[in-house]
Protein chains: 2
Amino acid sequence: MPTPTVENYLKALYVQPPAPGQQPTELIPMGQVAEAMRVSPGTATSMMKTLAEAGLVEYEPRAGVRLSERGLALALQILRRHRLIEQFLVQVLGLDWSEVHDEAEELEHAISDKVLERIDLLLGHPDTDPHGDPIPPSHGQPAHVELTPLSLAEVGAQVTVARVLDQQPDFLNFAHQHGLTPGSRLTVLAHQPAADAITCQPEGAPSLTLGTAAAGKILTLIEQTAS
Amino acid sequence: MPTPTVENYLKALYVQPPAPGQQPTELIPMGQVAEAMRVSPGTATSMMKTLAEAGLVEYEPRAGVRLSERGLALALQILRRHRLIEQFLVQVLGLDWSEVHDEAEELEHAISDKVLERIDLLLGHPDTDPHGDPIPPSHGQPAHVELTPLSLAEVGAQVTVARVLDQQPDFLNFAHQHGLTPGSRLTVLAHQPAADAITCQPEGAPSLTLGTAAAGKILTLIEQTAS
DNA sequence: TGTTCGCATTATCATAGACTAATGCTTGCA
DNA sequence: TGCAAGCATTAGTCTATGATAATGCGAACA
């Protein structure tokens with residue numbers, strides 16, 4: 001049984017974005033690990049050595065780490081727990097989507113497989129959590145869906161919000177207030193490169209201008225491109 | 001924030017039965033603490049010192065420990081979490097009462113007050129868990145109800161099972177199979193002191209002979225004494 | 001080609017919680 | 001009254017996880 005700390009490292013390694021243009025199987029530098037886990041670089045190095053000895057990662061000194069096959073399987077299992085718990089907290093207990101991330105962060109280490117599968121059943125085997133993040137199946141990889149950041153959607157396109165990447169409560173409250181939740185539809189009205197912004201029109205809510213950094217955190221499914 | 005380990009010690013101290021004829025405010029000897037927590041005596045001593053420094057217990061060397069006011073409040077809070085979670089696992093997720101104790105043992109340290117109060121609401125503010133153990137209110141002590149162990153009920157008495165003290169899955173399965181669950185009614189048929197046993201007749205189930213040790217773990221409410 | 005800067009690694013230390021083994025009280029009994 | 005038995009305490013060690021500080025490698029630029 002991995003400790004909660006080990007589980008958190010594995011999860012963090014899995015969700016590290018690959019450097020631009022790199023495959024997700026590339027090595028993650030130690031600095032990135034240390035920052036993701038908010039520990040000192042020395043702590044990150046020694047933990048990666050420990051995980052490597054346990055066969056959960058492949059560690060190349062001064063180059064970086066990547067998850068091993070076993071580490072990947074474990075990371076997916078933990079992510080499954082985390083996301084099912086989030087969905088449960090929203091659907092069954094009625095918590096707000098902005099507060100469930102931190103709750104799930106604790107519960108994911110305490111819940112048993114049995115309870116988890118009961119939750120899965122009660123929820124009807126959902127495949128995403130309240131933020132649109134895919135819930136990995138109990139075995140194997142989650143299905144890959146091609147999504148486009150709102151910041152890259154064409155002017156005139158009609159899109160459906162599929163996933164909101166930022167888990168910060170402030171951002172999630174903002175997104176909720178403006179109708180930017182998974183499933184809501186919107187039309188891209190304009191890009192303003194000079195202002196580093198994009199304007200869109202959510203269905204049933206006032207139009208809205210976002211910085212491209214914020215818009216990059218909203219992943220969408222393109223329903224209809226500009227004529 | 002106390003660590004999970006500290007929480008477990010406090011809970012264990014609270015549920016220690018007072019020595020026969022003693023007030024619950026009496027000192028608990030270290031050996032009893034060590035046994036309850038399944039740690040070595042040395043570990044118990046050093047932990048009690050730590051808890052005493054934190055103001056959670058009163059520790060008298062070579063005499064024993066008792067919970068301080070703060071320690072008692074914390075212990076009740078943890079017991080509330082534990083028992084509400086058990087009730088939730090049975091009522092909402094449909095787990096068996098024999099398996100929820102161990103699950104709750106983990107979850108009680110991970111759950112937030114917010115989630116707990118949602119669970120309490122969803123369950124309609126129950127006042128006992130699936131074993132009949134009282135759920136402490138969010139502030140203050142649980143109400144005291146006078147219960148009689150089945151082993152001490154008079155022959156001929158009609159009683160209602162109120163609480164099952166043993167949390168071992170084997171015992172709980174046995175009790176369930178024979179209709180000895182909280183709320184079920186039974187009549188005491190006979191005591192057999194020589195055989196160290198008691199025979200009773202659960203409503204709607206075959207009559208049953210139990211050892212007095214087992215019968216002592218079934219607490220009942222006397223509905224009607226023998227004529 | 002050499003030097004420097006940024007990052008990684010090593011070394012040392014701290015804390016919580018556990019263990020075992022050795023020592024020390026205390027009490028009851030002869 | 002004195003001593004043995006039974007607990008409790010102390011002392012020293014271990015593991016997991018963190019920190020800080022000092023050292024070391026390597027790549028980019030002059």
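In the text below, chain A, chain B and the rest are named by the order of the sequence lines, each starting its count at 1.
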Measure the distance from [atom1] on [X] to [atom2] on [N] and round it to the nearest whole Å.
{"X": "A:M47", "N": "D:dA16", "atom1": "CE", "atom2": "C1'", "answer": "8 Å"}
{"X": "A:M48", "N": "D:dT17", "atom1": "CE", "atom2": "C1'", "answer": "12 Å"}
{"X": "A:M1", "N": "D:dA16", "atom1": "CE", "atom2": "C1'", "answer": "17 Å"}
{"X": "A:L27", "N": "D:dG26", "atom1": "CG", "atom2": "P", "answer": "15 Å"}
{"X": "A:M30", "N": "D:dC25", "atom1": "CE", "atom2": "C1'", "answer": "15 Å"}
{"X": "A:E7", "N": "D:dA16", "atom1": "CD", "atom2": "P", "answer": "15 Å"}
{"X": "B:M37", "N": "C:dC19", "atom1": "CE", "atom2": "P", "answer": "10 Å"}
{"X": "A:H109", "N": "D:dT17", "atom1": "NE2", "atom2": "C1'", "answer": "14 Å"}

Which residue, A:R62 or A:T50, contacts DNA chain D at a nucleotide closer to its 5' end, judged by nearest heavy atom?
-> A:T50
Considering only side-chain heavy atoms of [X], which listed nucleotide, [options], is closest?
{"X": "A:P41", "options": "D:dT17, C:dT9, C:dA18", "value": "C:dT9"}
{"X": "B:T45", "options": "D:dT9, D:dT17, C:dT9", "value": "D:dT9"}
{"X": "A:P61", "options": "D:dA19, C:dT9, C:dG17", "value": "C:dT9"}
{"X": "B:V39", "options": "D:dA19, C:dC19, C:dG17", "value": "C:dC19"}
{"X": "A:S40", "options": "D:dT10, D:dT20, D:dG18", "value": "D:dT20"}

Ignoring hydrogens and angles, state whether a donor on the side chain of B:N8 or B:H109 is under 3.5 Å from an acceptor on the partner side chain.
-> yes
Assess the side chains of B:T199 and B:Q192: does a donor N or O sit below 3.5 Å from an acceptor N or O?
-> yes
Can you check whether [X] has a side-chain N or O nearer than 4.0 Å to OP1 or OP2 of [N]?
{"X": "A:K49", "N": "C:dT10", "answer": "yes"}
{"X": "B:Y9", "N": "C:dA16", "answer": "no"}
{"X": "B:T43", "N": "C:dC19", "answer": "yes"}
{"X": "B:Y59", "N": "D:dA8", "answer": "no"}

In sequence, state the C-alpha distance, the side-chain angles, and the governing distance for B:E7 and B:R81, and then conclude on salt bridge (Lys or Arg N to Asp or Glu O under 4.0 Å).
-> CA-CA 11 Å; B:E7 292 186 346; B:R81 285 191 230 151; 3.5 Å; yes
NA contact type, B:G42, heavy-atom cut-off 4.0 Å: base, sugar-phosphate, or nothing?
-> base
What does A:S46 touch in the nucleic acid at a heavy-atom separation under 4.0 angstrom: a base, only the sugar-phosphate, or nothing?
-> nothing
Looking at A:H131 versus A:H101, is the centre-to-centre ring distance below 6.0 Å?
-> no
Calculate, to the nearest 0.5 Å, the distance between atoms CG and NZ belonging to A:L219 and A:K217 respectively.
-> 12.0 Å
